[in-house]
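Report on one structure; see the data block that follows.
Here is how names work: the chains are called A, B, and so on, in the same order as the sequence lines, proteins then strands, and each is numbered from 1.
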Amino acid sequence: MPERTSSPETAPRAPHHRLAVTATLGALLLSADLELHAPWTVLFGPSGSGKSSLLRAMCGFEVGSPATSIQFTRIASDGTSRRLDDVPSSRRDIAYAPQSPALLPHLDVGRNVSFPFEVCASPVRDSTVVDEALGLFKLHALAERRHRELSGGEAQRVNLARAFATPGAKLLLLDEPFNGIDRATRDALLPELLRVAAERGVPVVSVTHDVEEALRLEAEVVRIDAGRVMAQGPAREVLADEVKRIAAVMR
Amino acid sequence: MDLAALGLTLRLAFVTTLCLLVIATPLAAWIADAAGAPSRTTRAHILARRIAQAAVALPLVLPPTVLGLYLLLGMGPATSLGRALIAILGHPLAFSFPGLVVGSILYSLPFAVQPLVLGFEGVPRELRETAAVLGASRWTVFRRVTLPLAAPSFLTAAVLAFTHTVGEFGVVLMIGGDIPGVTRTLSISIYDQVQEMNYSAANHTSLLLIALAFLTLLALYARGARRNDGGRWIA
C-alpha cells in the first residue's frame, strides 16, 4: 500500500489532479494511482522499476508486447474524469519529452520546437508559446541548426522546449528531462521551469533517479518499485534515506 | 539496333514505375504500419500483414511463365473479368501495351514494395511516437515524419522497378506475344535476334541493356554514398 509520509495533521491540500494507470509489462504489472498535489511530481526509483513505462502507457504507446491492454484515466483538479484507454496519442492532450531527444532530423531546431504548434488540431493559434519556449531554453541562437549539429545537452534542451511549446497540453510528461544537460544549466533552468509550469497550471510529471534534482524541484516525490507506488510525499521526506546516504559520503 | 523496341521498353518501364509508386506506397505503408505511432496491433493484424508481404514477394520466386499464364487466362475471354475487359476496351488486354503494363506492375511489385517497407520500418519508432503524442494525427505523422525520412527508399524503389521492368522477359513474352512496335521489348528483341542467328545485333542490344542497368545502379549507389555522410538517419 502506498504510504503517505506527510504528517496527518497537515491541512487537506488544494484540489489535485489524479492519474490512474495500469498496464502489463511482461511479468510485471504496472499499476499506479498518482495524486498530483504539487505543480511538479517526480517519479523516483531504480532502473527497470517501470517509471518510463508508466509515462509511455499514459502517452498510449506500446508497452511490453504488442496488444497489451492499457488503462489510463486522467482526473482534472475540477473533478472531471477522462478515460483515455482507446484515445489515440495525438488526442490525449499530453506534452511529452522522451528520454532520447527524438528530434526530427530533417527539421531545424526552430521547426522542431514549433512542430506541435504546426500540427495541433486545436484552435489555439498563438505562436508566442513557441517563441517563449525557445527563449526559456536559450535556443534562439541555435534555431537554424539540425540535430546532428547539436551537442547532447543542446538536443535535450530542444526536446524539452518542444514539450513546453505544445499547445493545449493538460499534462506534461518528462522522461529524465535533464539527461545530458550540465549541472549549471540545469540549476538555472529548474526555477524557470517550475515557474512556467505553475503559471500555466499544467501538472508536470518527470522521471528521475537524481536525488538532487528532486530536492531542487521541491517536488512531490512518488517512489516507484516493481511497477507499484511505494511511497509518496514531499521530496525531503520520501528521499530522507538517500539524503542521509549522500551526507554520509560527503563527510 | 531495334529502336522501336528500345522506345517501347523505356516507355513500358516508365509507365510501370509511375503506376508502381502510386500502388506500392499505400501498400508498403500498411505492411510497415507506417502511419501514426507504431500501433498496439493485434495478432490478427500482424498475420494479415505478413500474408500480404508474402503474396507481394511471390513474383520474386515464381517462374515468370506462371504469372504470365494466369494473366493471359485472366485477361482472355475464358473468364468473366477478361470478358468485361474486352467489352470495355473493345479488344483483349493481352497482346497490347496496357496488358504489358498490368503484367509488369505485378511482376515488379516486390521491387517497389520491399524497399519502401524497409524504408518505413527504418524510421525510428520514438520519432513517430513523439510526433503523435505532441498532436500529429496518423496521416500527419506519415506525411511529416515517416515520408521525409524514408525519401531515399522511393529512389531505390523507382530505380529497381524501372530496371527490373526493362529486363523482364517471360511475362512480356507470355502476355504480349512478340508484336513489333507494340509488345516487342528489348529483351524479346535479343531473343529474336539469336533465333535468327544474328549474333552481332543481339550483342549490340545486350551491351546497351548492360550499360543502361549499370549506369542506373551506379547513380543509385553513388547517391546513397553521398547521402550517408550527411544525414545519419538515411541508410
Quick one, [X] and [Y] - any side-chain contact, counting heavy atoms below 4.5 Å?
X: A:S100; Y: B:E126; answer: yes
X: B:E129; Y: A:R56; answer: yes
X: B:V133; Y: A:S90; answer: no

Quick check: closest heavy atoms across [X] and [Y], and the distance to 0.1 Å?
X: B:R144; Y: A:H106; result: O-NE2, 2.9 Å
X: A:V119; Y: B:L134; result: CG2-O, 4.1 Å
X: B:L149; Y: A:P105; result: CD2-CG, 3.5 Å
X: B:L127; Y: A:L103; result: CD2-O, 3.3 Å

Next on the checklist: Quick check on the interface: out of B:A132, B:A131, B:G36, who has the most heavy-atom pairs with chain A under 4.5 Å?
Outcome noted: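 That would be B:A132.
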Checklist entry - Measuring heavy-atom distances to chain A, does B:T130 have an atom under 4.5 Å in its side chain, in its backbone, in both, or in neither? => result both
Item to check | Side chain, backbone, both or neither of B:R125 within contact of chain A (heavy atoms, under 4.5 Å) | outcome: side chain
Checklist entry - Non-hydrogen atoms of chain B under 4.5 Å away: do they reach the side chain of A:F115, the backbone, both or neither? => result side chain
Next on the checklist: Quick check on A:P98 against chain B: is it the side chain, the backbone, both or neither that has a heavy atom closer than 4.5 Å?
Outcome noted: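 For A:P98, side-chain heavy atoms alone lie under 4.5 Å from chain B.
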Item to check | All salt bridge (Lys or Arg N to Asp or Glu O under 4.0 Å) counterparts of A:D131, not counting sequence neighbours | outcome: none
Taking atom [atom1] of [X] as the centre, does the number of heavy atoms from other residues, nucleotides or ligands within less than 6.0 Å exceed 12?
X: A:E144; atom1: CD; answer: no
X: A:R91; atom1: CZ; answer: no
X: B:Y70; atom1: OH; answer: no

Item to check | Non-neighbouring partners of B:F169 that pass ring-ring contact (aromatic ring centres under 6.0 Å, His included), sequence neighbours left out | outcome: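 In terms of ring-ring contact (aromatic ring centres under 6.0 Å, His included), with neighbours along the sequence ignored, B:F169 is linked to B:Y191.
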Next on the checklist: So, taking the atom named OG in A:S89 and the one named CZ in B:R128, what distance separates them when rounded to the nearest 0.5 Å?
Outcome noted: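 The CZ atom of B:R128 is 11.0 Å from OG of A:S89, to the nearest 0.5 Å.
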